[in-house]
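Worth knowing before you read on, the calculation uses all heavy atoms, side chains too, and leaves out hydrogens, waters and symmetry mates.
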Amino acid sequence: MSVFAILDPAVGLAHDVVAAFAQVVPTALAIVLFTVCVRLALHPLARAASRGEKARARLAPRIAELNRKHKGRPEKLQATLAELYREEKASPFAGCLPMLVQIPFFSVMYRLFTTPNDLLGHTLFGAPLGLHVGSAHGAGEWAVFAVLYAGLAALGYVNFRRARRAQAKQAAQAPQPAQGQGAQAQPALALLPYLSFGTVLFAALVPLAAAVYLLTTSTWTAAERAWLYRDGAPEPAVPALA
């Protein structure tokens, strides 16, 4: 039995909701509407995460001072940092919360669109929603995939640029490490923004319906970040993958 089988009750519920939407609108649009409804429900978590990121940016000078003060005493440093975050009602992990909460939803949608069901028999501009790009034939089907992938690539580029800017701001504000310290981590950090294009690669492995979901949720994420950080506050350096 697949590990995803434990998600079957939630998958059944998601199927019923999408099918209900599909009674009044095309199925592809029903997927978009369902995704938007879920992301709207998760929006308060994204707002909390942005407040946490802004609090971390505000506390950065004090954290740097504590690092210098308690250098070589990690236990004392951790205790002092915990007290600081508690006093300021901030969390060093606030930015990860929306991404973690989305994982179960993403898993449900993946299961829904990779398990044969009646929704996948519907079409988007003539291309079946259950179709993989490797099985596409004809200019019409290829055009549908090309438009979706182009949209995902454009969003990936936007997220890539935002992640690069966030990294540059963090590097400018962070204290300079000792010579050789942290050098091994630099290549990995430099590669992080390129993960923004991971959604395009993943979309090539899943059916058309899943690509529609990925484009919808990626668009929402990009717009949500632009809105929440419109005041120029530092953003998370981790790229938005979905």
Side-chain angles (χ1 to χ4, degrees), residues 14 18 21-22 25-40 42-43 46 98-99 102-103 105-117 119-168 189-230 235-242:
V18 175
F21 281 136
V25 297
T27 303
L29 182 56
I31 294 171
V32 172
L33 292 176
F34 178 67
T35 305
V36 168
C37 288
V38 174
R39 292 304 305 268
L40 187 61
L42 296 177
H43 181 67
M99 186 180 300
Q102 285 183 59
I103 291 176
F105 172 61
F106 177 83
S107 301
V108 167
M109 298 300 279
Y110 174 82
R111 177 74 171 172
L112 176 61
F113 296 136
T114 55
T115 303
N117 61 75
L119 296 175
L120 301 182
H122 295 262
T123 62
L124 173 63
F125 297 113
L129 291 174
L131 183 68
H132 285 75
V133 65
S135 302
H137 60 277
E141 292 182 353
W142 280 107
V144 172
F145 279 105
V147 170
L148 286 175
Y149 294 162
L152 286 170
L155 288 169
Y157 180 72
V158 170
N159 291 330
F160 169 80
R161 292 289 300 273
R162 296 177 75 91
R164 287 286 295 270
R165 286 197 299 269
Q167 278 193 345
L189 292 176
L191 290 175
L192 271 180
Y194 291 93
L195 293 178
S196 302
F197 298 103
T199 308
V200 185
L201 299 177
F202 186 77
L205 304 176
V206 294
L208 178 60
V212 171
Y213 155 72
L214 288 171
L215 180 60
T216 304
T217 194
S218 298
T219 302
W220 179 281
T221 297
E224 187 176 62
R225 282 198 170 192
W227 171 257
L228 291 175
Y229 298 96
R230 64 191 183 280
E235 296 184 48
V238 178
L241 300 181

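Among all heavy-atom pairs drawn from L155 and A222, the shortest one is CD2-CB, 4.0 Å. In terms of heavy atoms, F113 sits closest to A210 at CD1-CA, 3.6 Å. Of all heavy-atom pairs spanning L152 and A203, the tightest one is CD1-CB, 3.5 Å. Here the shortest heavy-atom pairing between S218 and T199 reads OG-CG2, 3.8 Å. The shortest non-hydrogen separation linking G156 to F197 is C-CE2, 3.7 Å.
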Exercise. Run the numbers on V133 and Y149 for side chain to side chain contact (heavy atoms under 4.5 Å, CB included), then give the verdict.
Key: CA-CA 10 Å; V133 65; Y149 294 162; 3.4 Å; yes

Practice problem: Step by step, work out the side chain to side chain contact (heavy atoms under 4.5 Å, CB included) result for M109 and V38. | Solution: CA-CA 11 Å; M109 298 300 279; V38 174; over 6 Å; no

Practice problem: Assess whether side chain to side chain contact (heavy atoms under 4.5 Å, CB included) is satisfied between F145 and L131, documenting all intermediate values. | Solution: CA-CA 10 Å; F145 279 105; L131 183 68; 3.7 Å; yes

Exercise. Go through the steps for L120 and T115 under the test side chain to side chain contact (heavy atoms under 4.5 Å, CB included), then give the verdict.
Key: CA-CA 9 Å; L120 301 182; T115 303; over 6 Å; no

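In this structure the side chain of L214 reaches within 4.5 angstrom of the side chain of F106, judged on heavy atoms. The side-chain heavy atoms of E224 and T219, taken from C-beta on, include no pair separated by under 4.5 Å.
Exactly one of L129, T216, L208 qualifies for a side chain to side chain contact (heavy atoms under 4.5 Å, CB included) with I31. That residue is L129.
Here the CG atom belonging to L148 is positioned 6.0 Å from the CG atom belonging to L215, to the nearest 0.5 angstrom. Put simply, CG on L201 and CG on L205 are 7.5 Å apart, with the number rounded to the nearest 0.5 Å. How far CZ of F160 is from OH of Y157: 7.5 Å, rounded to the nearest 0.5 Å.
Legend: residues meeting side chain to side chain contact (heavy atoms under 4.5 Å, CB included) with A14, ordered by chain and number and at least two apart, are F34, V108, L112. With sequence neighbours excluded, the residues that form a side chain to side chain donor-acceptor pair (under 3.5 Å) with T27 are H122. For E141, there are no salt bridge (charged side-chain N to carboxylate O under 4.0 Å, His left out) partners, not counting sequence neighbours.
Side-chain N or O atoms of R162 include none that pairs as donor or acceptor with a backbone N or O of N159 at under 3.5 Å. In this structure, the side chain of T114 engages the main chain of Y110 through a donor-acceptor pair within 3.5 Å. The closest donor-acceptor contact from the side chain of T217 to the backbone of Y213 lies at 3.5 Å or more, if one exists at all.
Donor-acceptor pairing under 3.5 Å is recorded for the side chains of R39 and T221.
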